[in-house]
Amino acid sequence: MERYTYDPAAIEPKWQNIWEERKTFRTLDDPKAWEGKPKYYILDMFPYTSGAGLHIGHPEGYTATDVLARMRRMQGYNVLHPMGWDSFGLTIERTAERENIHPAIVTERNIDKFRQQIKQIGFSYDWDREISTSSPDYYKWTQWIFLKLHEKELAYLADVPVNWCPALGTVLSNEEVKDGKYVETGDPVERRLMRQWMLKITAYADRLLEDIEDVDWPEGIKEMQRNWIGKSEGVDVDFTIKDTDASFTVFTTRPDTLFGATYCVFSPEHPLVEQITTDEHRSEVQAYVDEAKNKTDLQRTDLAKEKTGVFTGAYAINPANNTAIPIWVADYVLMGYGTGAIMAVPAEDDRDWEFAKTFDLPIVRTVQPPSDFGDEPYLGDGPSINSDFLNGLNIQDSKERMTEWLESKGKGKAQVQYRLRDWLFSRQRYWGEPFPTVQLEDGTIMSVPESELPVELPPIDEYKPTPDGKPPLARASDDWLMITLPDGRKGVRETNTMPQWAGSCWYYLRYMDAHNATEAWSAEAERYWMPVDLYVGGAEHAVLHLLYARFWHKVLYDCGLVSTKEPFQKLFNQGMILAYSYQDDNGKYYSPSEVEERDGEWLVKESGVRTNTQIEKMSKSRFNVVTPEEVIDAYGADALRLYELFIGPLSVSAPWQTRGVEGVYRFLQRVWRLAIDEDTGDPSSKLTDAAVDSDPELWKVINQTIKDVTEDTESIDKMNTAISHMMVFVNAATQAATVPKETMKTFLRLLAPYAPHITEEIWERFGEAELIAHATWPHHDPEVLKREEVTIVIQVNGKLRSRIQLPVDASNEEVEEAALADERIQKHIDGKTVRKFIVVPNRLANIVV
RNA sequence: GCCGGGAUGUUGGAAUUGGUAGACAAGCUAGAUUCAGGAUCUAGUGGGCCCUUUCGCCCGUAGGGGUUCAAAUCCCCUUCCCGGCACCA
């Protein structure tokens, strides 16, 4: 006999096909279709399409946004919810190199895999708006935006010290390098001077800092951006060099301590080092400078515990007191920040103190430390001492007075410094956007006219730098490389490409008008859809992508091309999904299927070797990756979706436990059996035509469920409790003898955004003609939730002693009377004096005796 | 070192934002059903005491102290974990 049990493998592909064929989730480009509906632009960070495909961590955020998008549609919003691919980049290029095929082929293959994986989960994206950053239709406009930057002189070529990564054969941005290593692969990075495209993000530093106050982002991310920009206010102070005409400038945030500046330090790269060094010290200084030059960044930062440096033989004149102070060279001063030279105030700075102690340089306190203060630098506030006209003033007043004094003497001026550097925008790679520029014979840089965009990537035979170190594009044939202008002048195309961040700097704009062949986006679509109402993704992009995109957006704003100052109104960071891994004492990892639990220990099945379990990031090397496919095969996409959210608050990282999926799978089965007669496939005979309020208890429960699910879904972070509230309803409905069918239908609409396939299937079996995706979202009736009686908890001295039933809104006197009359309470207050009686209306009473 | 976030049963996590700690799940235990496995259903499940009655008592939210009638929640100190920054003058 055929049984109609819950069968996700059958119903899920069925509904996915129906949604696709009917274009159920298409958002119309026609402005007339938008009228009368509030808009809601809900965006996921699109994936970088590496060959690995998705693991279970990626769809967590995608599931949350999908649930919210589906609910918003049911609530009557005009929703924009697109998906696309970040498809230029190094990983793809390396695969192509390894397999000796064109990166475009690898890209297509990867995208197909990602698309198929994502579609399997039943997300309600408008697939008509799918984009990929590596397609010429798209990167045409990335190049176009670059031309805007170029026009505004925000893109410029400069010989700059770059982070050159020999292993990759390319330069990297500051943001991609940490501790002298490429953050992705750990390959070491070294300093080189190269002619590169730079983007002047520093020109926007202040606005990037200010406008972050206006967006609804997690405070931690805002703080990370503030720190990255690193604004600090201080003074540029001019020092002259004794017995010469030369002078130099230092930046300090503590001008109040100028009288305590007992020496100066130049960075080894400082241009004056050579000039000021006396013959007596020349060989020593030269050796030190050479050594510093050959150190990698890693060595310079990591081995920085011990201060090193050499005396140049030269002296600077402290402008405050005209004292001659020695000039040293030391690598603890960085050329890349401020002026590359500092005034050292050992008494009020940790680093200077350490250096002064190492080389026995004088220390003069200029801030009076507390009486019991030890022999160390004092960074706190206090009255100035040893500082002539500043004596007695606190730090703040001293700073102001000294700044005024320096400015009036022409020896300094107030200055703002940023940690933020200009953005190194060239890469010596193939798989990226070609720059739309040409260098003419006379050295001038010319933009490719807009009408000739896109500048497409030329075919080349090998995706490697040339033997003489030029980028791969230099391998292109001359008919791509060489340009002859109508006036006969000749030029050569730029052979660097743009970094991977370029495409993701504006993709949220292209989605609004994805097929526009004449513009990047229409002004009308932009005014309607922007800003993005909710942007969800991982915190790993806290600085890089989000800072770059904000920068481009502000430039576009200044060009009049976008109407909002900020692109992403609300940002939400999902936590990571972690997984248990099993590792023996030798460090060898085992997959979960190779181990079993015995007496609280995890042992390798075959060998019995004891393993340590730990919760870690998912990675192939740890054998703890779970893929969406394996979960869908076992439990279906709806169960996957539910568990992704049920695992905990979206913002929190939590370990994946396949057993946990079974819990939500059982829940779906109970929903199915509640609604469907498994023998006939028709609606269950338990469902009746009775009025929804015929069972007052269940009527209350469903109203409570509507309220809780709506609120928890809107909060984004609490979808786990939204699901548990739906479980409460199903438990109650399962216990009830009968359930009004209308109540069941209300419940199905609540569940629909979370588990769209099973609810569509039941909806259809209920005889509904429309899709549940198009149903309206239910409202709860607050009247129903009002209770006539409430349970009031009675405490004695803060300890729970009894509960009593009282009518709602009982007066304090009534509560007091009832509480004192209660037997159990009498036992506790017997023979004692009631000192105080506290009532929290409708909730609790506390008797203090 | 600095900044940000966190620590609640065996496990993932709830807790109306100062008012019944442990919702909802997972796991476990017992029972029902089943040839069996699985699935399903029912009940129980923080620790301890009492089990002279499911009556009740004590303890319990990383540790210590405080504020309060009342603290997982607020304040101070300590420990540990996660993320970011790190010679930025």
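If you're wondering where the values come from, they're calculated on a predicted model, not measured in any experiment. Naming: A, B, ... by sequence-line order, numbering from 1 per chain.
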Minimum-distance nucleotide to A:S724 side chain [options: B:rA23, B:rC57, B:rC41]: B:rA23
Distance between P atoms of B:rC57 and B:rA62 (Å, rounded): 25 Å
B:rG5 glycosidic torsion: syn (within 90° of 0) vs anti: anti
Closest listed nucleotide, where the reference is the side chain of A:I342 and the choices are B:rA89, B:rU42, B:rU40: B:rA89
Nearest-Å distance once atom P is located in both B:rG4 and B:rC76: 13 Å
Side-chain ion pair, A:E60 and A:R641, N-O less than 4.0 Å: no
B:rC77 to B:rG84 separation - P atoms, rounded to the nearest Å: 26 Å
Pair A:D708-A:Q704, side-chain donor/acceptor within less than 3.5 Å: yes
Euclidean distance, atom CD of residue A:E644 to atom C1' of B:rG12 [Å, nearest integer]: 14 Å
Short side-chain N/O contact to B:rU40 OP1/OP2 from A:R666, under 4.0 Å: yes
Pair assignment for B:rU67, Watson-Crick or G-U wobble, requiring both distances under 3.5 Å: none
Centroid-centroid distance, A:F572 to A:W217, less than 6.0 Å: no
Euclidean distance, atom NZ of residue A:K718 to atom C1' of B:rU16 [Å, nearest integer]: 9 Å
Pair A:F266 + A:F248: ring centers closer than 6.0 Å: yes
Below 4.0 Å: OP1/OP2 of B:rC3 and any side-chain N or O of A:R226: no
Short side-chain N/O contact to B:rA89 OP1/OP2 from A:S232, under 4.0 Å: yes
Interatomic distance, A:D350 CG vs B:rC87 C1' [rounded to whole Å]: 10 Å
B:rA25 phosphate, OP1 or OP2, under 4.0 Å from A:R659 side-chain N/O: no
Minimum-distance nucleotide (side-chain atoms of A:T721 versus B:rC69, B:rA14, B:rC85): B:rA14
Of the listed nucleotides B:rU40, B:rG19, B:rC24, the one nearest the side chain of A:Q669: B:rU40
Watson-Crick/G-U partner (both atom distances under 3.5 Å) of B:rA43: B:rU29
Sugar-phosphate only, base, or nothing, as touched by A:A654 at under 4.0 Å among non-hydrogen atoms: sugar-phosphate
Rounded interatomic separation in angstrom, taking CD from A:Q415 and P from B:rA89: 13 Å
Gap between atom OH of A:Y635 and atom CD of A:E662 - 0.5 Å precision: 3.5 Å
Spacing between A:E219 atom CD and B:rG5 atom C1', to the nearest angstrom: 12 Å
Distance between P atoms of B:rA89 and B:rA15 (Å, rounded): 42 Å
Side chain of A:R673 - closest among B:rA70, B:rU40, B:rA14: B:rU40
Proximal nucleotide (of B:rC85, B:rG19, B:rA26) relative to the A:W228 side chain: B:rC85
Plane angle bin for A:F355 and A:Y263 - parallel if under 30°, tilted between 30 and 60°, otherwise perpendicular: parallel
B:rA23 to B:rC82 separation - P atoms, rounded to the nearest Å: 29 Å
Integer angstrom distance from the C1' of B:rU33 to that of B:rG19: 45 Å
Nearest-angstrom distance, C1' atom, B:rA21 to B:rG60: 9 Å
A:N846, nearest nucleotide to its side chain (from B:rC24, B:rG19, B:rG12): B:rG19
Under-4.0 Å side-chain N/O to phosphate OP1/OP2 contact, A:N573 with B:rG5: no
Nearest to side-chain heavy atoms of A:Q735, which nucleotide of B:rU42, B:rG19, B:rA89: B:rU42
Assigned glycosidic conformation for B:rU17 [threshold 90° from 0]: syn
Opposite nucleotide pairing with B:rU17, Watson-Crick or G-U, both atom distances under 3.5 Å: none
Shortest side-chain distance from A:I838, nucleotide among B:rU20, B:rC69, B:rG12: B:rC69
Test: A:K399 and A:E233 ion pair at under 4.0 Å: no
Integer angstrom distance from the C1' of B:rG48 to that of B:rG12: 26 Å
